[in-house]
Amino acid sequence: MAGPSSVPGRLGSSLAECGYVLQVALDYTSLWDAVSLASRIGARRGVALEVGTPLLKAHGARDSVAALRGVAGEEAPVVVDTKTADASDVEADIVASSGGDAFTVVAAAHDVTLKQAAEAAVQRGVAVYGDLVVSRDPLLDARRAVDAGVHIVLLHLGLDVQRALGLTASSRVDLVRRMASEIDATIAVAGGVKPGEAGALASAGASIVIIGGAITGSPDPGREVEKALESLRGEGFRCR
């Protein structure tokens with residue numbers, strides 16, 4: 001697994017400081033709801049906020065990032081889940097100019113798009129995730145993404161798959177472990193993850209654990225964040 005120094009900007013700094021990052025996916029269509037949830041979590045070291053794809057489409061990168069940055073502070077990483085499949089240099093520029101710290105490119109995209117995304121990320125000082133959400137061969141696409149220069153490989157079980165097949169990312173710990181041993185990149189995991197499962201995923205090799213509904217759907221999201229961080233502390237999470 002690649003070290004945190006390979007991930008640029010605030011996200012890399014958080015990984016270097018804390019050892020792991022908990023990323024909270026804010027998959028809302030209401031910016032007010034996203035900001036309200038972020039406010040209830042508060043600014044925490046080692047926690048990144050994600051402008052989920054529905055929020056991005058509903059409100060755009062500039063307004064979404066600015067609103068979350070206003071709550072989380074200048075040091076907190078803000079990831080924009082663009083799921084870019086084409087024109088990756090344009091979308092990298094949109095995210096960077098909006099103050100975001102990272103964006104996502106579909107790992108099954110053409111090699112040209114992956115390389116362009118990685119080059120654009122370096123030029124703009126942001127990180128890029130290779131999202132395996134639609135990959136039929138995750139290991140193959142992970143290798144393609146890393147060969148293209150992508151910083152982070154994201155093993156991601158999408159919501160439709162979770163609903164239809166009853167699978168979550170936590171059920172793929174074996175794949176996380178294999179990916180961490182074979183892929184020279186930072187590994188992130190998303191898809192139906194519960195706070196108490198964060199440590200097991202970290203133990204398998206994930207440096208970034210992404211949790212959405214288990215936090216955003218809770219009556220006490222701050223408590224769920226703390227559960228996830230406590231689970232990560234068992235694997236060496238250093239921040240409090």
Side-chain angles (χ1 to χ4, degrees), residues 1-9 11-12 14-16 18-23 25 46 48 50 77 79 81-85 88 102-122 126-158 161-162 165 167-194 197-211 228 231-232 234-238:
M1 182 180 68
S5 61
S6 63
V7 179
L11 193 56
S14 288
L15 284 167
C18 301
Y20 300 94
V21 164
L22 170 66
Q23 183 173 314
E50 176 190 314
V79 178
D81 189 10
T82 55
K83 292 188 177 71
T84 300
S88 50
F103 68 105
T104 62
V105 61
V106 176
H110 196 282
D111 290 347
V112 171
T113 299
L114 295 175
K115 185 176 181 180
Q116 187 170 262
E119 291 175 348
V122 170
V126 298
V128 57
Y129 292 62
D131 190 343
L132 298 165
V133 66
V134 298
S135 294
R136 294 184 180 275
D137 188 335
L139 282 168
L140 174 63
D141 285 340
R143 292 188 184 99
R144 290 177 53 247
V146 172
D147 287 345
V150 166
H151 302 110
I152 301 160
V153 170
L154 170 56
L155 180 61
H156 183 184
L157 269 70
V161 172
Q162 293 175 50
L165 303 181
L167 297 175
T168 67
S170 296
S171 67
R172 306 302 303 276
V173 171
D174 56 336
L175 182 55
V176 176
R177 187 173 292 109
R178 183 178 174 189
M179 196 167 287
S181 68
E182 297 183 14
I183 304 298
D184 185 22
T186 298
I187 306 297
V189 181
V193 179
K194 302 295 190 294
E197 298 167 342
L201 292 168
S203 178
S207 295
I208 301 172
V209 178
I210 303 173
I211 303 179
S231 184
L232 289 173
E235 299 301 323
F237 180 80
R238 298 187 290 268

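This is a predicted model, so every value here is computed, not measured.
- Note on Asp81 versus Lys83: salt bridge recorded, some NZ/NE/NH1/NH2 to OD/OE distance being below 4.0 Å.
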Please report the C-alpha distance between Val21 and Leu11 in whole Å, then the side-chain angles of each, then the deciding distance to 0.1 Å, and finally whether the side-chain contact (heavy atoms from CB on, under 4.5 Å) criterion is met.
-> CA-CA 8 Å; Val21 164; Leu11 193 56; 4.3 Å; yes
Thr186 vs Ser6, side-chain contact (heavy atoms from CB on, under 4.5 Å): CA-CA, chis, key distance, verdict | CA-CA 8 Å; Thr186 298; Ser6 63; 4.1 Å; yes
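- Pairing each heavy atom of Ala228 with each of Ala198, the nearest pair is O-CB, 3.9 Å.
- The NE2 atom of His156 lies 13.0 Å from the CZ atom of Arg172; values are rounded to the nearest 0.5 Å.
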Show your working on side-chain contact (heavy atoms from CB on, under 4.5 Å) between Val189 and Val176 and close with a plain yes or no.
-> CA-CA 8 Å; Val189 181; Val176 176; 3.8 Å; yes
Residue pair Thr104, Thr84: steps toward the side-chain contact (heavy atoms from CB on, under 4.5 Å) verdict = CA-CA 6 Å; Thr104 62; Thr84 300; 5.8 Å; no
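- Here the OG-CG distance, from Ser14 to Leu22, works out to 11.0 Å after rounding to the nearest 0.5 Å.
- The side-chain hydrogen bond (donor to acceptor under 3.5 Å, both in side chains) search around Gln23 returns Glu50, Tyr129, not counting sequence neighbours.
- The line from CG of Leu201 to CD1 of Ile210 is 11.0 Å long, rounded to the nearest 0.5 Å.
- With sequence neighbours excluded, no residue satisfies side-chain contact (heavy atoms from CB on, under 4.5 Å) with Ala118.
- Note that CG of Leu175 is 9.5 Å distant from CD1 of Ile187, once rounded to the nearest 0.5 Å.
- Atom CE of Met179 is separated from atom CG of Leu139 by 4.5 Å, given to the nearest 0.5 angstrom.
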Mind listing the side-chain donor-acceptor pairs of residues 106-114 below 3.5 Å, one per line with the distance, residues two or more places apart or on another chain?
residue : atom : partner : partner atom : Å
His110  : ND1  : Val112  : N            : 2.9
Asp111  : OD1  : Arg144  : NE           : 2.9
Asp111  : OD1  : Arg144  : NH2          : 2.7

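- Shown here for Tyr20 and Ala202, the closest heavy-atom pair between the two residues is CE2-CB, 3.5 Å.
- Looking at every heavy atom in both residues, Ala127 comes nearest to His151 through CA-ND1, 3.5 Å.
- When all heavy atoms of Ala185 and Val146 are compared, the closest pair comes out as CB-CG2, 3.6 Å.
- Interatomic distance, Ile152 CD1 to Ile183 CD1, rounded to the nearest 0.5 Å: 14.5 Å.
- In this structure a side-chain-to-backbone donor-acceptor pair under 3.5 Å is missing from Glu119 to Gln116.
- Scanning both residues, Ser135 and Asp141, for their nearest heavy atoms gives OG-OD2, 2.8 Å.
- Here the shortest heavy-atom pairing between Ala180 and Gly205 reads CB-CA, 3.7 Å.
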